[in-house]
Number of protein chains: 2
Amino acid sequence: MGKRIFSKFLKERGKRVTKEREAILQKILSSRGHFDPESLYLKIKEMGLKTSRASVYRTLNLLCECGLIERVKKTEHGTIYEHTSVHEHHDHMLCMECGNIIEFYSETLEKLQEGMCKRQGFQGVSHTLEIRGYCKKCQKKKRT
Amino acid sequence: MGKRIFSKFLKERGKRVTKEREAILQKILSSRGHFDPESLYLKIKEMGLKTSRASVYRTLNLLCECGLIERVKKTEHGTIYEHTSVHEHHDHMLCMECGNIIEFYSETLEKLQEGMCKRQGFQGVSHTLEIRGYCKKCQKKKRT
DNA sequence: TTGAAATTGAGAATCAGTCTCAACAAAATT
DNA sequence: AATTTTGTTGAGACTGATTCTCAATTTCAA
C-alpha cells in the first residue's frame, strides 16, 4: 500500500510523516485516474481539512520523488499527475474534442522503443507517448 | 518556402505582413533545431532589430496555426518549438543530464501506433513520443 | 495619399508553481 | 514529562512564462 511506501521514504530521509501529507496521499489514492494540483487542493479543503497550495505542491514533489505518482503532462493549465502504484506503465490517447484520456499498453511498442534506444547508444529510463485525436464518441458527434 | 506560406496564411485572414513578423520567421528558418521564445527574442534584439516579447509570442502562435512550426514540449522553463517545414515527423530522446535532444524516426513504430488506435476506435491525428534517459556522452561521464 | 483597420511595444495582468518566514508540531534529549 | 532541536505548515510575497491593454504606429486598399 502507498502509505507504507511513503512513510518509509520520508523516514529514510529524516523527513516527517504529518497529518497534512497523509491527507494529501489518501485523497490521491482514493480517487481514480488523473488529477491536477489545484483540484486536489480544493477537494482537500472541501473535506474540511486545512491545507495550503504550497503543501500540496510540496507533497506532490515528494510523491513524485518516491515514485508513487508521476507527472503525466504539462499543459497550458498546469501539470497533470497520475498515481503509478495502482496501474502499470501505459501510454495515452488524448481526445482533442472532449479531453478524455484513454490508456493503452503494447509490449511490442515497448520493445521497439528499447531497440531504438540501443541503436542510438541511448540509455532509456522512461518515456511518454501521447496520441492526440478523436475518441469514438466525438467522431460520431462530428458526423452529425 | 516558409515566407510564401506565411504571407498567404496572413492575407487569407485579413492579417498583415509586417517587418516584425518577417524578421521573426526569418530568424526561425535560418536556425536549425529546436528553440524557445525567449532566446528567439534575444537573438532578434541582438541583430539590432526592434521587437517585443509580446510580438514574438503572438507571431509564434500564428506560425503554429499555419503549421510552419510546432510546440514540441512544455517544460518547467517554458515551451520548446521546432519548425516543421524542414524536417518530417520524428520522435525525441531527451537526455536528462545535458538536455540534449536526439531525433529519431521508425516506420514500424508509426504503424504500430496506427494499429493501437484502430483497436480502440480512436482517430489519431498526431502524436508525441519522448524517451527520457542518458545520451552516450553522459553515460560515460557517469562511469567516472 | 489617405484613412480605416491591424499591429506594435511597454508594461500591467495572469497564472502555475516556488520561496520566505514566523508559528507550530514531531522527534530526540534531558 | 519537560525541553530542545529540527522539520513542516500556511499565508502571502515572489518568479518566470505568457497574455492582455492601449496609445502610438504601420499597413494596404482605394
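All chains are named by letter (A, B, ...) in the order of the sequence lines, taking the proteins before the strands, and each is independently numbered beginning at 1. Both backbone and side-chain heavy atoms feed into the values below; hydrogens, waters and symmetry mates do not.
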Using modelled atom types only, decide if a donor and an acceptor are shared between the side chain of T59(B) and the backbone of I24(B) within a distance under 3.5 Å.
->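 No, because the side chain of T59(B) does not come within donor-acceptor range (under 3.5 Å) of the backbone of I24(B).
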Has the side chain of Q139(A) got a donor or acceptor atom that lies under 3.5 Å from a matching backbone atom of G121(B)?
->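 Here the side-chain-to-backbone pair exists.
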Using ring-ring contact (aromatic ring centres under 6.0 Å, His included) as the criterion, list what pairs up with [X], not counting sequence neighbours.
{"X": "H34(B)", "answer": "H92(B)"}
{"X": "F104(B)", "answer": "none"}
{"X": "F9(A)", "answer": "none"}

Could you list by number each residue of residues 43-58 of chain A showing a heavy-atom separation from DNA chain C of less than 4.0 Å, or answer none if no residue does?
->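 Close to the strand are A54(A), Y57(A), R58(A).
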Nucleic acid contacts - residues 72-81 of chain A versus DNA chain C, non-hydrogen atoms under 4.0 Å | H77(A), G78(A), T79(A)
Atom-pair distance (CG on L60(B); P on dA17(D)), nearest Å = 14 Å
Atom CD1 of I24(A) and atom C1' of dT9(D): how far apart are they, to the nearest Å?
-> 10 Å
Nearest atoms (heavy-atom pairs only) where T79(B) meets P37(B) |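 Answer, listing the atom of T79(B) first, then P37(B): O-CD, 3.3 Å.
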Mutual orientation of the aromatic rings belonging to H127(A) and H89(A) [parallel < 30°, tilted 30-60°, perpendicular > 60°] =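 H127(A) and H89(A): perpendicular rings.
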Boundaries of the chain A footprint along DNA chain C (any atom under 4.0 Å from a heavy atom) | dA16(C) to dA26(C)
Which residues, if any, of residues 8-22 of chain A bring a heavy atom under 4.0 Å of DNA chain D?
->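 Hits under 4.0 Å, by residue number: G14(A), K15(A), R16(A), T18(A), E20(A), R21(A).
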For residues 38-48 of chain A, which residue pairs qualify under side-chain hydrogen bond (donor to acceptor under 3.5 Å, both in side chains), counting only residues two or more places apart or in two chains?
->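 Sorted result for residues 38-48 of chain A: D36(A)-S39(A), E38(A)-R53(A).
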Does one hydrophobic cluster hold both L63(A) and I80(A), with members joined at side-chain heavy-atom distances below 4.5 Å?
->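 Each belongs to a different hydrophobic cluster.
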So the ring pair (Phe, Tyr, Trp, His ring centres under 6.0 Å) pairs with at least one residue in residues 51-76 of chain A (sequence neighbours excluded) are none
Could you work out the complete set of other residues in the hydrophobic cluster of Y105(A), with links drawn between I, L, V, M, F, W and Y side chains under 4.5 Å apart?
-> none
With sequence neighbours left out, what residues match S52(B) under side-chain hydrogen bond (donor to acceptor under 3.5 Å, both in side chains)?
->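 Partners of S52(B) under the side-chain hydrogen bond (donor to acceptor under 3.5 Å, both in side chains) test: S55(B).
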Excluding sequence neighbours, so at least two apart, what forms side-chain hydrogen bond (donor to acceptor under 3.5 Å, both in side chains) with S106(B)?
->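 Expected list: none.
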Within the structure, does a side-chain N or O atom of N61(B) lie under 4.0 Å from either OP1 or OP2 of dT18(D)?
->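 Looking at the OP1 and OP2 atoms of dT18(D), neither is under 4.0 Å from any side-chain N or O of N61(B).
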